[in-house]
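Note that the structure is a prediction, hence the values are computed from the model and not measured.
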Amino acid sequence: MNKYMVESINQYLDNIIERWQVSMEEVEDERFFQFMPFQLIEKTSREFAELMTSNITDDDVIDETKLNDFAEKVVRFGWSIKFVNKAIDNFSRITFNLLEEKEIIKNSNLRPVMDVFTNWITPLRGSIIQAYSTEWERTVSLQRIALQELSASLIPVFDKISVMPLVGTIDSERAKLIMENLLEGVVRQRAEVVLLDITGVPVVDTMVAHHIIQAADAVRLVGAKCMLVGIRPEIAQTIVTLGINLNDFTTTSTLRRGMQEALRLTNRTMMEVDCS
């Protein structure tokens, strides 16, 4: 990068950052610059500017550590790839315009300057977006694993009665995990009645119902009874509309009603006790 250009950008960096912040505040549906504390915005803006100028050297080497650290941070803040791309565009445009105002960029050197900007911004954009995409995929993967661990556990609540609360979308991968945990838990806990609580499942379609039916059949093979609880009105309507057969299930609208039925099946009942 042209040494004079590097010195000029560093000289006016504060001004560039200030203008860049204003431009990002105007981006539609952007919440970071509208709702985050001023100190955090200042710190993040400075880090972004340092990242953008990290490869303004003779060898154009991008600081990988700084790149990955920033990608991790903006993923946590919820920046979309579209917003990151807009941030890069605005930074390069504002830098060019300011250097033009200061007459560092003139008609006489416009062509070589354009080449310099292209060689600076293009690889930098690719590196930032690649790092962002990698970090986003890693974050989503970790969240998926955490959700699977939290939402596929069989919990013993009474002797011979266990509950498995299901949360989130059930795909084939999660269905396999649910089946494994369900069968292992039934045998280990010696459960006679298992309640599958789908209160936290947003959509029950044919595929989800198929996975649930498979789980119930597997539970019966190890000598326990499976109940489906937490059926909301909209889920019930969907099941009827799709023609899904749940005749082999005992179903209830709430976990409480399901628990009462489970106690009855194990020759017990739920009673209120007056402690006064």
Side-chain angles (χ1 to χ4, degrees), residues 76 136-240 242-275:
R76 197 164 62 246
W136 179 260
E137 289 171 2
R138 185 181 75 87
T139 300
V140 170
S141 178
L142 290 174
Q143 289 175 341
R144 184 182 298 114
I145 292 171
L147 180 61
Q148 289 174 344
E149 291 175 347
L150 288 172
S151 62
S153 299
L154 189 65
I155 305 168
V157 288
F158 290 109
D159 182 37
K160 301 179 183 180
I161 300 175
S162 298
V163 176
M164 177 174 279
L166 301 179
V167 180
T169 303
I170 300 176
D171 54 18
S172 297
E173 184 179 346
R174 282 201 63 209
K176 181 181 178 182
L177 179 64
I178 289 168
M179 182 81 76
E180 291 173 355
N181 289 356
L182 187 59
L183 294 177
E184 290 176 6
V186 167
V187 174
R188 186 176 63 255
Q189 298 169 17
R190 298 180 180 179
E192 293 183 4
V193 180
V194 174
L195 288 79
L196 289 180
D197 185 1
I198 63 169
T199 304
V201 178
V203 177
V204 174
D205 55 17
T206 304
M207 185 187 72
V208 172
H210 174 68
H211 290 317
I212 292 173
I213 292 170
Q214 280 189 322
D217 289 340
V219 168
R220 279 196 293 269
L221 289 175
V222 294
K225 181 177 178 61
C226 191
M227 298 174 56
L228 189 62
V229 304
I231 301 180
R232 305 185 303 278
E234 62 271 23
I235 296 297
Q237 185 175 1
T238 300
I239 290 173
V240 171
L242 294 175
I244 299 170
N245 185 6
L246 296 179
N247 292 334
D248 293 335
F249 276 96
T250 298
T251 60
T252 66
S253 59
T254 64
L255 178 58
R256 177 183 174 84
R257 290 183 177 180
M259 192 62 65
Q260 290 173 337
E261 179 63 17
L263 288 170
R264 187 188 67 79
L265 291 171
T266 54
N267 300 315
R268 286 170 289 182
T269 185
M270 189 179 295
M271 298 178 61
E272 293 186 5
V273 177
D274 187 357
C275 298

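Residues V203 and V208 have side chains not in contact (no heavy-atom distance under 4.5 Å, counting atoms from C-beta outward). The shortest distance between side-chain heavy atoms of I178 and H211 does not fall below 4.5 Å. With a 4.5 Å cut-off on side-chain heavy atoms, T238 and D205 do not count as touching. Between E261 and V229, every side-chain heavy-atom pair lies at or beyond the 4.5 Å cut-off. Side-chain contact check for L154 versus R188: every heavy-atom pair is 4.5 Å or farther apart. T252 places none of its side-chain heavy atoms less than 4.5 Å from the side chain of Q260. Considering only heavy atoms from C-beta on, I212 comes within 4.5 Å of L196 through its side chain. For the pair T206 and H210, the minimum side-chain heavy-atom distance is 4.5 Å or more.
Interatomic distance, I235 CD1 to T251 OG1, rounded to the nearest 0.5 Å: 13.0 Å. Atom-to-atom distance recorded for K225:NZ and T266:OG1 is 12.5 Å, nearest 0.5 angstrom.
No side-chain donor from either of T254 and R256 sits under 3.5 Å from a side-chain acceptor of the other.
Pairing each heavy atom of L182 with each of A215, the nearest pair is CD2-CB, 3.8 Å. Between M259 and L195, the closest heavy-atom pair is N-CD2, 3.7 Å.
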Pair S162, Q189 - check side-chain hydrogen bond (donor to acceptor under 3.5 Å, both in side chains), show working. CA-CA 8 Å; S162 298; Q189 298 169 17; 2.5 Å; yes

